[in-house]
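Structure first, then comments.
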There are 2 protein chains.
Amino acid sequence: MPAKPRPKTKDAARGDVIAKLSEVFRAHGYEGASLSLITEATGLGKGSLYNLFPRGKEQMAEEVLAHIDGWFEREVFAPLRDDSGGEGIARMFDAVDRYFESGGRVCIVGVFALGAARDHFAKAVRGYFTAWEAALALALRRRGFSAAEAKQRAEDIVLGIQGALVLARANDDRGVFRRAMKRLRGTVARQADAC
Amino acid sequence: MPAKPRPKTKDAARGDVIAKLSEVFRAHGYEGASLSLITEATGLGKGSLYNLFPRGKEQMAEEVLAHIDGWFEREVFAPLRDDSGGEGIARMFDAVDRYFESGGRVCIVGVFALGAARDHFAKAVRGYFTAWEAALALALRRRGFSAAEAKQRAEDIVLGIQGALVLARANDDRGVFRRAMKRLRGTVARQADAC
DNA sequence: GTCTATATAGGGATAGAC
DNA sequence: GTCTATCCCTATATAGAC
């Protein structure tokens, strides 16, 4: 190994670009994310962008979605599946709260899902939500819920998070998201409404 | 009054155009709704469109939003506020299920809320959700919920509907929406979890 | 690898004939 | 009122200099 690879590796630099791309797609959606917005956000000219992403905007979006999927796989889905010490679900809520900045940022996958881009990126969009629900349902089963109930509650939680993001952005108020997250955390505590 | 105004009135014809515009904005969002998509959907040339909506696409979106607001005001908010015979909430769920075709159509206001268009149409977007929540909270208070609980449950229901629409479209599966609606209907039945 | 043209298509919007 | 033709701008994408 050479002495000090201080200057960023190729992959790290690419990661930086993808992070900036994400914010453009998040704020403007797929069709709204113009190359001029992208050059502005990344500080790169079109030439550089097409050098990094030869297939253009489509490829940029694909890699943004893949990056999101990777992050959630590491920070959310894997902890849910391992559920080390029964803390998987709590870790999920923590990670989600950080990722969406308590409702200050919307979900790119959700934005894509609502627009015409869904058809083009259907597999990634669907995969994201199904992976999330499946991992969460598994963790809920370990908590003692029946298979059917775990599935239903997992769906309600993912759905609640997405709805909270819509309302938080519509009203420009993170309070909606915070309250929803608190309530959703509560729904996994009480094992059933048995009295 | 003249004998038979069989041919459509001006307003009715305008209503038809707005209905078709709505479907374009619903499917493609504000930025994605190009004039060529709009001419195709309405069957009108640009000249006619600019005659009907002199301020162009912006005005089209404004009138679409106003039309939605009018529909919900009549079919959802007013029944919730009147709550004739305590059926206001049930009528809301029925109307919502019809309007969104059991999850087959997404919410235009939700689509706008997630995109950059929110800033331009902030007042209409915010107004839609706040009116809905306020009317629903009022109906819930009449059902015996405390002011705080009614407000919270109203928020959870509106949020749940929006989240269900996101997931239904993401997974291309109306089942998510139907299940969510059923569950949400249930949350207004049990007055409190008092055992 | 990054930039500055440039190419080509489509965007929103307008003018004017009918 | 509706169309066609046209305006000007911005879109994505490419070429080629450095």
Side-chain angles (χ1 to χ4, degrees), chain A residues 5-65 111-112 115-117 119-121, chain B residues 5-65 108 111-112 115-121:
Chain A
R6 242 301 152 91
K8 271 177 192 162
T9 71
K10 239 170 155 181
D11 279 12
R14 192 180 186 86
D16 280 4
V17 174
I18 288 176
K20 283 167 182 162
L21 286 177
S22 301
E23 295 317 305
V24 182
F25 284 118
R26 190 192 307 280
H28 300 274
Y30 183 70
E31 18 276 320
S34 69
L35 285 198
S36 62
L37 283 170
I38 290 172
T39 54
E40 190 183 354
T42 57
L44 294 173
K46 293 180 191 179
S48 306
L49 287 171
Y50 276 88
N51 185 40
L52 283 167
F53 308 96
R55 293 199 340 278
K57 209 168 96 163
E58 184 187 14
Q59 186 179 359
M60 295 180 206
E62 282 170 11
E63 297 207 17
V64 163
L65 289 173
V111 174
F112 277 36
D119 297 335
H120 206 97
F121 304 101
Chain B
R6 243 298 154 94
K8 270 176 191 161
T9 71
K10 239 170 156 182
D11 278 13
R14 193 181 187 85
D16 281 2
V17 174
I18 289 176
K20 283 165 182 164
L21 286 177
S22 301
E23 295 318 306
V24 182
F25 284 119
R26 189 193 308 280
H28 298 91
Y30 183 70
E31 18 276 320
S34 69
L35 286 197
S36 61
L37 284 170
I38 291 172
T39 55
E40 189 184 354
T42 58
L44 294 172
K46 293 181 190 179
S48 306
L49 287 170
Y50 275 90
N51 184 41
L52 283 166
F53 308 96
R55 294 199 340 279
K57 207 167 98 163
E58 184 186 15
Q59 187 180 357
M60 296 181 207
E62 282 170 9
E63 296 206 17
V64 163
L65 290 173
I108 300 179
V111 173
F112 276 36
R118 185 211 53 171
D119 298 335
H120 206 96
F121 304 100

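All chains are named by letter (A, B, ...) in the order of the sequence lines, taking the proteins before the strands, and each is independently numbered beginning at 1.
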Inset, instruction - Under the salt bridge (charged side-chain N to carboxylate O under 4.0 Å, His left out) rule, collect the residues that match up with A:Glu31, sequence neighbours excluded. - result: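 Salt bridge (charged side-chain N to carboxylate O under 4.0 Å, His left out) list for A:Glu31, sorted by chain: empty.
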Inset, instruction - Applying salt bridge (charged side-chain N to carboxylate O under 4.0 Å, His left out), name anything that partners A:Glu23, two or more places apart in sequence or on another chain. - result: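 If we apply the salt bridge (charged side-chain N to carboxylate O under 4.0 Å, His left out) test to A:Glu23, skipping adjacent residues, the hits are A:Arg26, A:Arg105.
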Inset, instruction - Kindly write out the residues that satisfy side-chain hydrogen bond (donor to acceptor under 3.5 Å, both in side chains) with B:Asp16, not counting sequence neighbours, or none if the list is empty. - result: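 So B:Asp16 forms a side-chain hydrogen bond (donor to acceptor under 3.5 Å, both in side chains) with B:Lys8.
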Legend entry - Test side-chain contact (heavy atoms from CB on, under 4.5 Å) applied to B:Val111 - qualifying residues, sequence neighbours left out: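 In terms of side-chain contact (heavy atoms from CB on, under 4.5 Å), with neighbours along the sequence ignored, B:Val111 is linked to A:Leu114, B:Val106.
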Inset, instruction - Not counting sequence neighbours, which residues clear side-chain contact (heavy atoms from CB on, under 4.5 Å) with A:Ala27? List them please. - result: none
Return the value, rounded to whole Å, for the distance between atom [atom1] of [X] and atom [atom2] of [N].
{"X": "A:Glu40", "N": "D:dT10", "atom1": "CD", "atom2": "C1'", "answer": "14 Å"}
{"X": "B:Leu49", "N": "C:dG11", "atom1": "CG", "atom2": "C1'", "answer": "15 Å"}
{"X": "A:Phe53", "N": "C:dT2", "atom1": "CZ", "atom2": "P", "answer": "11 Å"}
{"X": "A:Asn51", "N": "C:dT2", "atom1": "CG", "atom2": "C1'", "answer": "8 Å"}

Inset, instruction - Establish, with yes or no, whether the OP1 or OP2 oxygen of C:dC3 is under 4.0 angstrom from a side-chain nitrogen or oxygen of A:Ser48. - result: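 The answer is yes; a side-chain N or O of A:Ser48 sits under 4.0 Å from OP1 or OP2.
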Inset, instruction - Can you check each nucleotide of nucleotides 11-18 of chain D against protein heavy atoms at under 4.0 Å and return B for base, S for sugar-phosphate only, - for none, in 5' to 3' order? - result: SBBB----
Legend entry - Aromatic plane relationship, A:Phe112 with A:Phe121 - under 30° parallel, 30 to 60° tilted, over 60° perpendicular: tilted
Inset, instruction - Taking only heavy atoms on the protein side, list every residue of residues 11-28 of chain B lying under 4.0 Å from any atom of DNA chain D, sorted numerically. - result: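 Those residues: none at all.
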Inset, instruction - Tell me, please, which residues at least two apart from A:Phe53 pass ring pair (Phe, Tyr, Trp, His ring centres under 6.0 Å). - result: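 Not a single residue meets the ring pair (Phe, Tyr, Trp, His ring centres under 6.0 Å) criterion with A:Phe53.
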Which pairs would a plain distance check flag for residues 35-45 of chain B, meaning a side-chain donor or acceptor within less than 3.5 Å of a matching protein atom at least two apart in sequence or in another chain?
from	atom 1	to	atom 2	distance (Å)
B:Ser36	OG	B:Ser34	OG	3.1
B:Thr39	OG1	B:Leu35	O	3.2
B:Thr39	OG1	B:Ser36	O	2.8
B:Thr42	OG1	B:Ile38	O	2.7
B:Thr42	OG1	B:Leu44	N	3.2

Legend entry - Sugar-phosphate, base or nothing in reach of A:Gly32, heavy atoms under 4.0 Å: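 Touches nothing.
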